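We count residues from 1, following the sequence as given. Just so it is clear, the structure is predicted and the values come from calculations on it, not from any experiment. Whatever order the structure lists ligands and atoms in, that order sets their numbers, starting from 1.
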Amino acid sequence: MTGRKHPMTGTLYIVATPIGNLADASPRALEALRAADLVACEDTRTTRGLLAAHGVAAKTAALHAHNERAAGEQLLQALREGRSLALVSDAGTPAVSDPGALLVAAAHREGIRVVPIPGPNAAITAWSACGFLADRFLYVGFLPAKPARAIAALDEALPLVLYEAPHRVEATVAALLARFGPQRELVIARELTKKFEEIARMPLRDAPAWLQAGPHRRQGEFVLVLGPGEAKPAAPALDPGKVLGILLESLPASEAAKLAARITGAPRNALYREALARGAAGAKRK
Ligand code: SAM
């Protein structure tokens with residue numbers, strides 16, 4: 001007993017493909033593409049290029065941002081009927097700033113087996129080459145149309161990994177400089193794994209000039225990795241008992257408890273009981 005809703009369903013393989021260097025297709029990825037009944041691609045021409053380069057014959061179908069719902073339903077039907085499906089995007093890992101998540105979600109809903117075949121991803125590739133000493137980073141992906149506002153809302157201290165298009169990279173770097181200041185480190189990773197790959201690390205103040213240094217510097221594909229900022233020291237925690245004691249010097253118990261709760265976030269009832277107990281103890285001592 002598999003526990004699946006449709007025990008005879010096919011399998012959905014999520015197959016990562018190269019982000020530039022065709023040799024980065026893993027043997028397992030190629031095997032999955034070869035074995036699948038159908039390869040769902042963002043752009044069938046792009047994927048056919050990859051398949052042809054590796055001598056893989058496969059039947060392809062389009063699944064992209066504009067037909068994800070309608071085409072997804074047909075692909076789901078193929079899975080329900082027991083066919084296996086390999087999902088790829090134009091480059092890198094499907095469903096990472098790329099279509100695919102709707103189909104994966106539908107597969108989970110229907111109890112269809114989802115098998116990821118890991119491989120290239122631009123964000124992780126850039127992060128691995130940035131050299132920032134940090135245990136975590138925030139994957140931002142593509143910023144919305146007005147980057148300055150989105151950047152203003154970002155955490156100050158976390159390293160950030162952003163995808164950017166060539167026609168917006170200068171504006172985004174300018175917005176990062178305005179928000180995070182000239183000393184914050186930035187890695188510009190362009191054309192990763194390709195012939196003209198460049199990975200340059202610099203303080204943000206030098207980034208506009210780096211991009212201006214030649215027209216090629218503003219061409220191709222970009223990942224921007226912003227280094228970590230200085231974490232702000234946490235505000236020292238207020239001691240609710242101490243605050244209550246100070247307030248009780250000049251206020252009645254209920255008022256003191258109310259204000260101490262507002263100042264420290266401690267529960268008001270508990271503070272009130274504490275205030276009454278202190279009052280009773282004080283009265284006994286007198
Ligand atoms: N799913 C992909 C992945 O796993 O990385 C990301 C797809 S997203 C639509 C495309 C963006 O990824 C590009 O605009 C660029 O920011 C980044 N990217 C993809 N390939 C790249 C490369 N070879 N070098 C630098 N950035 C790349």
Measure the shortest side-chain to side-chain distance between Glu185 and Leu226 over non-hydrogen atoms and say whether it is less than 4.5 angstrom. no

Judged by atom type as modelled, is there a donor-acceptor pair below 3.5 Å linking the side chain of Arg113 to the main-chain atoms of Leu12? no

Polar-atom distance check: Ile19 versus ligand 1, any N or O pair below 3.5 Å? yes

Heavy atom of Thr193, distance to ligand 1 below 4.0 Å: no

Just let me know how Phe222 lines up against ligand 1, side chain, backbone, both or neither, with a heavy-atom cut-off below 4.0 Å. backbone

Quick one: does any side-chain atom of Thr193 pair with a main-chain N or O of Asn21 as donor and acceptor, under 3.5 Å? yes

Is the shortest N/O to N/O distance between Glu164 and ligand 1 below 3.5 Å? yes

Sidechain-backbone polar pair: Arg179 side chain, Leu154 backbone, donor-acceptor under 3.5 Å: yes

How far is atom 19 (C) of ligand 1 from the closest protein heavy atom, and which atom is that? Glu221 OE2, 3.6 Å

Please determine whether any non-hydrogen atom of Ala122 lies less than 4.0 Å from an atom of ligand 1. yes

Flag yes if more than 12 heavy atoms outside Gln183 fall under 6.0 Å of its CD atom; otherwise flag no. no

Hey, is the main chain of Val15 close enough, under 3.5 Å, to the side chain of Arg28 for a donor-acceptor pair? no

Nearest non-hydrogen protein atom, atom 3 (C) of ligand 1: Asn121 ND2, 3.3 Å

At less than 4.0 angstrom from any non-hydrogen atom of Gly92, what atoms of ligand 1 do you find? 3 (C), 4 (O)

What atoms of ligand 1 come within less than 4.0 Å of a heavy atom belonging to Thr93? 1 (N), 3 (C), 4 (O)

Please report whether ligand 1 has a polar contact with Lys194, defined as an N or O pair separated by less than 3.5 Å (distance criterion only). no

Heavy-atom nearest neighbour in the protein, as seen from atom 24 (N) of ligand 1, with distance rounded to 0.1 Å: Leu192 N, 2.8 Å

Looking only at protein heavy atoms, what sits closest to atom 2 (C) of ligand 1 is Ala91 O, 3.3 Å

Test item: Asn67 side-chain N/O and His64 main-chain N/O as donor-acceptor pair under 3.5 Å: yes

Could you check Glu197, Glu198, Glu164 and say which one makes a salt bridge (charged side-chain N to carboxylate O under 4.0 Å, His left out) with Arg190? Glu198

Measure the distance from atom 26 (N) of ligand 1 to every protein heavy atom, then report the residue, atom name and distance (to 0.1 Å) of the closest one. Val223 CG2, 3.4 Å

If you measure every N/O of Gly20 against every N/O of ligand 1, is any gap under 3.5 Å? no

If a pair satisfies ring-ring contact (aromatic ring centres under 6.0 Å, His included) and one of its residues is in residues 173-229, list it, with sequence neighbours excluded. none

Given 3.5 Å as the limit, does a donor-acceptor pair link the side chain of Glu156 with the main chain of Gly229, or not? no

Is a side-chain donor or acceptor of Tyr13 paired with a backbone partner of Ser84 at a separation under 3.5 angstrom? no

Among non-hydrogen protein atoms, atom 7 (C) of ligand 1 lies closest to Asp98 OD2, 3.3 Å

So which heavy atom in the protein is nearest atom 11 (C) of ligand 1, and how far is it from that ligand atom? Phe142 CZ, 3.5 Å

Taking N or O atoms only and a 3.5 Å limit, does Ser97 qualify as a polar contact for ligand 1? no

